[in-house]
Amino acid sequence: MEPFDGAPRTPRLPRQVGQTLTELAHVTNELVRATTVEAVTTVVTEHMADAVGATIAALGLRQGETDARLIGVRGLPSDEASAWRTFPLSSGNSMAHAIRTGERVVVVGADEISRRFPEIAGRGERTIITVPLQGSERTIGAIHLSVPEAVAPHPAALEFVDVLADTCAQALERIEAAAVAERQTSRLAFLAEASIQLASSLDVRATTAKMARMTVPRYADWCAVDVVRRGSLRRLASAHTDPAAADLVAAMRERWPEGAAGGSWLDRVVETGRPMLVSEVTDELLDRTARDAGHRAALAALDLRSVLIVPLFVRGRVAGLLTWGSSTPGRHYDEDDVRFAEHLARRAASALDNADLYGQTRAVAEQLQRAVLPERLTGDDDFEVAWRYEPSGRTEVGGDFYDAFPVGDGRHVAFVGDVMGRGVAASAAMAQMRASVRAFASVDPTPESVLDALDRMVTRFDADQLVTLVYVLADARAGTLHVASAGHLPPLLAHPDGSVERLPDADGPPLGLADGRHGLELPFGPGDSLLLVTDGLVERRDEDIETGLTRLQNAMRALRGATLDDALSRLVRTVGDESADDDVAALVLRRTVVSTAGGGVAAPRMSA
């Protein structure tokens, strides 16, 4: 370039122009290979600037519809560069003009600069070259170069700068497209993982806690999940990168609760059902939002830069809120984040609804279970009774039933049964069977009589459910135990000396499928304990039933040397399988050592 002598003219030094073009060609190659915005910025503000001899260089991008921001600058003092970090497109500078109009700007000489762009004047004689970055749909930014000579650039150099600007725009769009694709892929993977995690628990608090922990610090520095309960917001979970800030948030909610006079951001989202995006938390916004001076100071202490609140919809109503807060400089939420958070909120709302429905259904099931099973069983002077019932954790009521009661003359009835299936039908059959056993036992408590009556009832009413039952009549005066079974697991008998015997297996099919039953009579002396169980205590996946019965028989020694209730609890814990999906019912009948009813001990015999 030649010194300026009063009027712009085209340089006549092709060797210098050729060198400039060669260097600009190298810059173009660098832009083609660039894979990050930082790399593009370095190429423009350093290598491109050096190629044209610019002492000041800047790369700016459009920010929204009204502003632009510098993503790279060289040659300006830090305070001046900071002042130009963001500026309106209506500003009177060459970069705003180029972005606004899409036209290249070339200004030669201090006077021309002062006339056209007074905002950037005052640096002596120089030449300004500002070229727009034309994206696929609109101008996305501009490159600004300031050469400390008042020399008109060679047309060939200007054409090359234009080409380089296009290459820069393509590189930035390519990098942005790759970043968007990577971000979307990452978010889709996150949503898939979130769906799995949220569906893995049917506990409302566990579900919300998982959601809060998953998003911090990946998408937020602070996350909170609130649910609407009886018209008020109730916080179920929160997570924060800074424990001190978490404590501050909790203290603020206690001192300035939601729903206070004047409302809050959360209240507004509940009322409107629309997301709230606060892209940038400004001092003016805090001034308008704060309820008093103390609240204003607390909000400032949180150092929030951006906030996003989205509603959790359940069957058309706002059932809760998902709140993200950012304290990280540079992380400001936008409309794309709103859409992403709404996708997560839909999954979270579904999980919360399922958990809530499960809790309600489970409560109803437990109430129904308590209604059809005995609340307590009591022994008498001749017999102690202990029992355990442990539901599997499903929402459907199971079919296990049990009972024990005295029938007079030193005799005691005990039974355990199982209606195959679950749900209301099984529960109704279970209640019917238990009531029927008690009714038939009140007429004639002998096992054969009770089971024959049950067989007739099941056959007559053509019941669909398959029912198994083991029924015993203990007689303290006779010192005997009379047992009959309808397809149920065999009882176990433990003696005071520690020996345990398994009674013979059931000699008949389930109820309604036999024509006459036969019982077993055997001695039942002081201190003897009889255990009746359902298969939920014995059966395990991929294991033979015989293995389970042997394990139970070995554990029967736990019934010695302790109160009957504690001993049965220990036995169930030892033998039970927590991973099993079947209910467990267990009942122990122990003859007291000191009995008010004397009597001999009869030898075992079969009775018709």
Side-chain angles (χ1 to χ4, degrees), residues 1-28 30-31 41-61 68 70-77 80-81 83-84 87 89 91-134 139 141-169:
M1 296 185 178
E2 297 179 348
F4 182 64
D5 59 3
R9 63 180 182 276
T10 301
R12 294 190 300 273
L13 297 176
R15 179 175 296 176
Q16 291 184 5
V17 173
Q19 181 179 355
T20 299
L21 295 180
T22 299
E23 293 179 2
L24 289 176
H26 290 313
V27 172
T28 303
E30 289 185 87
L31 287 174
T41 302
T42 299
V43 171
V44 170
T45 59
E46 295 183 12
H47 304 171
M48 183 178 177
D50 291 341
V52 300
T55 56
I56 299 174
L59 175 61
L61 296 180
L70 295 183
I71 64 171
V73 62
R74 189 186 78 167
L76 289 179
E80 189 173 349
W84 285 101
F87 55 89
L89 291 178
S91 300
N93 62 67
S94 61
M95 184 170 282
H97 179 85
I99 296 174
R100 194 170 58 243
T101 64
E103 300 174 353
R104 183 181 65 196
V105 175
V106 179
V107 184
V108 181
D111 292 342
E112 185 68 10
I113 293 172
S114 297
R115 185 181 66 82
R116 293 189 59 185
F117 302 108
E119 287 186 8
I120 57 175
R123 294 188 179 278
E125 293 297 338
R126 59 183 50 248
T127 298
I128 289 175
I129 305 171
T130 306
V131 288
L133 302 178
Q134 300 292 357
T139 304
I143 297 173
H144 175 80
L145 302 169
S146 177
V147 181
E149 295 177 316
V151 178
H154 192 282
L158 284 178
E159 289 181 10
F160 219 124
V161 169
D162 288 342
V163 172
L164 193 147
D166 289 340
T167 305
C168 179

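Values below: every heavy atom of this structure, side chains too, minus hydrogens, waters and symmetry copies.
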CZ of Phe87 to CG of Asn93, rounded to nearest 0.5 Å, is 5.0 Å
So CD1 of Ile71 and CG of Leu59: to nearest 0.5 Å the spacing works out to 4.0 Å
In terms of heavy-atom contacts, Thr130 and Ser94 come closest through OG1-OG, 2.9 Å
Tightest non-hydrogen contact, residues Ala165 and Ile143, listed as CA-CD1, 4.3 Å
Between Ala58 and Leu70 the two heavy atoms that sit nearest each other are CB-CD2, 4.1 Å
Query raised in the report: Should Ser91 and Glu119 be marked as a side chain to side chain contact (heavy atoms under 4.5 Å, CB included) after you check the CA-CA gap, both sets of side-chain angles, and the distance that decides it?
Result: CA-CA 8 Å; Ser91 300; Glu119 287 186 8; 3.9 Å; yes
One should read off an interatomic distance between Glu112 CD and Arg126 CZ, to the nearest 0.5 angstrom, of 15.5 Å
In short, Gly53 meets Val147 closest at the heavy-atom pair O-CG1, 3.8 Å
*Kindly say whether Gly102 contributes a backbone atom to a donor-acceptor pair with the side chain of Gln134 at under 3.5 angstrom?*
yes
Open item on the list: Is there a side chain to side chain contact (heavy atoms under 4.5 Å, CB included) between Val161 and Arg104? Walk through the geometry before answering.
Closed with: CA-CA 10 Å; Val161 169; Arg104 183 181 65 196; 5.9 Å; no
For Pro153 and Val106 the tightest heavy-atom approach is CD-CG1, 3.9 Å
Output for pair (Glu149 CD, Thr55 OG1), nearest 0.5 Å, gives 10.0 Å
- Message: Is any side-chain heavy atom of Leu61 closer than 4.5 Å to one of Leu133?
- Response: yes
So CD1 of Ile129 and NE2 of His144: to nearest 0.5 Å the spacing works out to 9.5 Å
dist Thr45:OG1 -> Ile56:CD1 (nearest 0.5 Å) comes out at 13.0 Å
Residues Ile113 and Ile120: closest non-hydrogen pair is CG2-O, 4.1 Å
(message) Are the side chains of Val73 and Trp84 in contact, using a 4.5 Å heavy-atom criterion?
(response) no
- Task: May I ask you to test the Phe117-Ile128 pair for a side-chain heavy-atom distance under 4.5 Å?
- Result: no
